[in-house]
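What follows is a single structure, written as structure tokens, with notes after it.
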Amino acid sequence: MKPEDATSLYPAHLSTIKERANLALQKSGFDHLLVTSGVEKHEFLDDRPYPFKPNAQFKAWLPLTRHPHSWISYTPGRKPVLVYFQPDDYWHVPPSAPSGTWVDHFDIRIISDPAEATAHLPSSGKLAIVGESDAALPGFEPNNPKVLLDYLHYHRAFKTPYELAVMRQAQRRAVPGHLAARAAFQAGASEAQVHAAYLAATGHTDLDLPYNNIIGLNQNGATLHYQYKDIVAPSRNRSLLIDAGAEVDGYASDITRTWGDGDELFGALLNAVDNEQQALCGKVRAGTDYRDLHLECHLRLGGVLRTLGIVDMDPGDMLATGVTSTFFPHGLGHPIGLQVHDVAGFSDEDGGLIARPEGHPYLRMTRTLAPGMVVTIEPGLYFIPTLLSKLKEKPQAKSVDWAKVEHLLPFGGVRIEDEVHCTDGAPENLTRDAFAAAV
Ligand code: GLY
Ligand code: MN
Ligand code: MN
């Protein structure tokens, strides 16, 4: 499929953002919406800045991601004002002059000092100011009204055609990285070398990634958010679990692939998880309660454990007694978009909580799927020593083939993660489409 032109979809996207802002202001009783991009933070007692990450509510309006001290000021019925910070700086590269098709849609005011922003912000009326408290200017302290934010966050789950087009690009950007990572793994690379291959193939630096890559060789794949990259390769590369995304214009992808070394049992486990993952992706359909899909995932993974002879129990009993949670101790997935773990996975339109199923504390999405939503589907089966030792103390331990578990421990685990777009009909798997387009 030919990549779409996201820019031609942008004006309609902005109209949707404005409509949402109109309703959120009306609902919450404010006259103007102000959104700060945020500020650069510095290390304690130092002049070194942490990487800047903009307020996602700012990125929702326009594709600016490297722009601290900027503001959007929106009053219903009027062209939004963009206060654009462009310092005269020879220590750092300042943002270049505003450019792109979005420029015509804003009344742009350039400032060279953050304090100058106040001259361009409303001088009367009730202000809803969305942003971190550090971004406050005199008279403009972020108040983040709950009613307004609940509404905006809830609706962010529904992606506009522009957002979908950009998210497809973020998938296509990550895929060459995953293919390069697999090749590096097969060549015996270290975790740090796999990471370097990923960055080179995606054209990202560490700072541009939507989250820190998780690159676990062998048993390190069993640490769910493994945060290191060993510079020394193991004596034998048995398995690679790589959870790595890419970013385009502020939108994230979040993809996990696992590769093995040809070991028969681990290969069977990989295939089985992949099959169940694809079946679950096929169930991302309007009207489905994501919580039910999560519980179905437990049953399916229980089926895999039984079929492979790892646990000899009925999958329903495995779910009821927490055995599946030993091997699958995280949630099925989460909403994704401007943030990797996008907001409002648990809330209804009024900010009310949609509870997780009891005993599933790490599920990040409890909403009913509806057209326009994009969610990850990321089942996994892991061999995590600390959880296995707890299982050993339980009566269900007798149903476990511990020799098989011992065999699989040095492989860490398997996770397969795709992004899936819920439509009016069949789901669109953004990730598999991107892999298919790459070969
Ligand atoms: N990369 C973190 C996650 O999959 O949620
Ligand atoms: Mn994820
Ligand atoms: Mn992930």
Side-chain angles (χ1 to χ4, degrees), residues 53 56 156-157 159 167 170-175 177-178 181-182 191 194-195 198-199 202 204 206-217 220-229 239-248 250-259 270 273-274 276-278 280-281 284 290-291 293-294 297 301 325 327-346 356 360-367 369 373-382 384 412-422 427 429-432 434-435:
K53 296 288 173 188
R156 244 179 53 199
K159 271 54 186 182
M167 289 179 74
Q171 298 289 325
R172 285 196 292 272
R173 185 164 189 179
V175 164
H178 278 272
R182 181 180 60 183
E191 290 166 351
V194 171
H195 180 58
Y198 183 90
L199 291 178
T202 55
H204 270 320
D206 263 305
L207 298 185
D208 311 317
L209 292 171
Y211 57 95
N212 291 333
N213 283 352
I214 300 166
I215 297 181
L217 287 170
N220 292 338
T223 302
L224 300 180
H225 282 174
Y226 175 64
Q227 71 273 43
Y228 301 118
K229 279 127 193 149
S239 60
L240 168 67
L241 188 155
I242 172 166
D243 183 340
E247 189 166 308
V248 173
Y251 289 85
S253 55
D254 175 11
I255 301 172
T256 309
R257 289 293 182 265
T258 310
W259 310 106
L270 258 176
V273 173
D274 192 57
E276 299 305 340
Q277 193 266 359
Q278 291 197 52
L280 290 161
C281 289
V284 173
Y290 195 86
R291 292 175 295 189
L293 219 47
H294 169 79
C297 178
L301 293 175
S325 295
F327 297 92
F328 173 48
H330 60 76
L332 174 60
H334 49 86
I336 181 168
L338 288 163
Q339 291 167 247
V340 175
H341 296 151
D342 220 356
V343 285
F346 308 105
R356 298 177 171 107
H360 296 265
Y362 300 115
L363 182 59
R364 289 177 182 270
M365 167 78 176
T366 55
R367 287 169 69 170
L369 294 166
M373 287 184 175
V374 179
V375 292
T376 69
I377 296 290
E378 47 182 305
L381 284 173
Y382 311 85
I384 303 173
V414 175
R415 177 162 71 253
I416 310 284
E417 175 177 23
D418 292 342
E419 267 85 87
V420 187
H421 167 209
C422 178
N429 187 319
L430 305 180
T431 311
R432 301 262 168 178
F435 272 96

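Whatever order the structure lists ligands and atoms in, that order sets their numbers, starting from 1. Scope of the values below: all heavy atoms of this structure, side chains included, with no hydrogens, waters or symmetry mates. In this text, all values refer to a predicted model and were calculated from it rather than measured experimentally.
If you look at the Mn ion (ligand 2), the protein N, O or S atoms less than 2.8 Å from it are Asp254 OD2, His334 NE2, Glu378 OE2, Glu417 OE2.
If you run salt bridge (Lys or Arg N to Asp or Glu O under 4.0 Å) between Arg415 and each of Asp274, Asp243, Asp254, only Asp243 comes through. Across Leu332, Asn429, Ile416, a single residue satisfies side-chain contact (heavy atoms from CB on, under 4.5 Å) together with Ile377, and that is Leu332.
For His360, the ring pair (Phe, Tyr, Trp, His ring centres under 6.0 Å) partners two or more places apart in sequence, or in a different chain, are His294, His298.
Counting only heavy atoms from C-beta outward, the side chains of Tyr198 and Leu209 approach each other to under 4.5 Å. Side-chain contact check for Thr258 versus Val273: every heavy-atom pair is 4.5 Å or farther apart.
At under 3.5 Å, a nitrogen or oxygen of Glu417, whether backbone or side chain, sits near a nitrogen or oxygen of ligand 1.
Those atoms of ligand 1 with a heavy atom of Asp243 less than 4.0 angstrom away are 1 (N), 2 (C), 3 (C), 4 (O). Below 4.0 Å from some heavy atom of Tyr211 lie the following atoms of ligand 1, by number and element: 1 (N).
When heavy-atom distances to ligand 1 are checked against a 4.0 Å cut-off, His341 comes that close only through its side chain, counted from C-beta outward.
Judged by distance alone, with hydrogens and angles left aside, the side-chain atoms of Arg367 form no donor-acceptor pair with the main-chain N or O of Gly345 at under 3.5 Å.
Taking the ring centroids of Tyr211 and His341, they lie at or beyond the 6.0 Å cut-off.
Of the protein's heavy atoms, Glu378 OE1, 3.0 Å lies nearest to atom 4 (O) of ligand 1.
Looking at Arg356 and Tyr362, their side chains never bring a donor and an acceptor atom within 3.5 Å of each other. Using modelled atom types and a 3.5 Å distance limit, the side chains of Gln277 and Asp418 yield a donor-acceptor pair.
Close to ligand 1: His334, with a non-hydrogen atom less than 4.0 angstrom away.
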